[in-house]
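Notes follow once the structure below has been shown.
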Amino acid sequence: MKNIIQLWGDGLLPIKNAIYFSNGKSFLCEIIPYPTPCIEKNGEFDFSAFYEENKDEVTCIDKFREVKLANNCYCCIGEGSYGSEGFIAYLDENKKLVWVLYSEGCNPFINVSEYMPDIIIVESSSNVRLRININYPVDLELAL
């Protein structure tokens, strides 16, 4: 049974809109870009059970940028292999995965910047902008 850290290490992510934590927790989170951008958060789910039933439901990821943050950790952004996908990953100071957000329909994430301590702004190629507290990514919100 693979966990999210092993999938990440293999350059893969599950094709399921969610935020995946290295500690095994996962939260459903769908970013809807059209017609009116919004974020649907639907609580915790069992990644292990999902993956056990859907081992082929993975996408290869392509990292576009890796930005060193003021806290000496990193934010990595990019796309999946199907073109409409995007991901945002937060890595510790040793570049080990802490959490990763996968979005099936948001398009690739192409830009990331620090807004203030512990807050990043990420933008997708479909002009969706997100404000994310790196310590509490489940509380992400649209940045207008």
Any side-chain heavy atom of [X] sitting closer than 4.5 Å to one from [Y]?
{"X": "C29", "Y": "L140", "result": "yes"}
{"X": "E104", "Y": "I15", "result": "yes"}
{"X": "I134", "Y": "C75", "result": "no"}
{"X": "P14", "Y": "Y102", "result": "no"}
{"X": "T36", "Y": "C38", "result": "no"}
{"X": "V128", "Y": "V122", "result": "no"}
{"X": "L142", "Y": "R129", "result": "no"}

Using a strict cut-off of less than 4.0 Å between a Lys/Arg side-chain nitrogen and an Asp/Glu carboxylate oxygen, indicate whether K41 and E30 qualify as a salt bridge.
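Salt bridge between K41 and E30, a charged N being under 4.0 Å from a carboxylate O: no.
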In terms of side-chain geometry, is the basic nitrogen of E52 or K55 positioned less than 4.0 Å from the acidic oxygen of its partner?
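Counted as a salt bridge, because a side-chain N and a carboxylate O are separated by less than 4.0 Å.
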Using atom types as modelled and distance alone, determine if a side-chain donor or acceptor of [X] lies under 3.5 Å from a backbone N or O of [Y].
{"X": "N133", "Y": "P137", "value": "no"}
{"X": "N3", "Y": "I5", "value": "yes"}
{"X": "E40", "Y": "I32", "value": "no"}

Does any donor atom in the side chain of R65 or N111 lie under 3.5 Å from an acceptor atom in the other side chain?
yes
Verify the cluster assignment for [X] and [Y]: are they in a single hydrophobic cluster under the rule of side-chain heavy atoms below 4.5 Å apart?
{"X": "F50", "Y": "L12", "value": "yes"}
{"X": "I121", "Y": "W99", "value": "no"}
{"X": "Y115", "Y": "F109", "value": "no"}

Taking all non-hydrogen atoms of both residues into account, name the closest pair between T59 and E85 and its distance.
OG1-OE1, 3.1 Å
Any idea which heavy atoms bring C106 and S126 closest together, and the distance?
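Scanning both residues completely, I find the closest heavy atoms to be O-OG, 2.7 Å.
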Using the ring of each side chain (for Trp, its six-membered ring), is F47 parallel, tilted or perpendicular to Y51, with breaks at 30° and 60°?
parallel
If the test is side chain to side chain contact (heavy atoms under 4.5 Å, CB included), which one of I132, L69, V100, L101 qualifies with Y90?
L69
Compute both the distance and the angle, then confirm whether K16 meets the cation-pi test with F45: under 6.0 Å from the six-membered ring centre, within 45 degrees of the axis.
yes
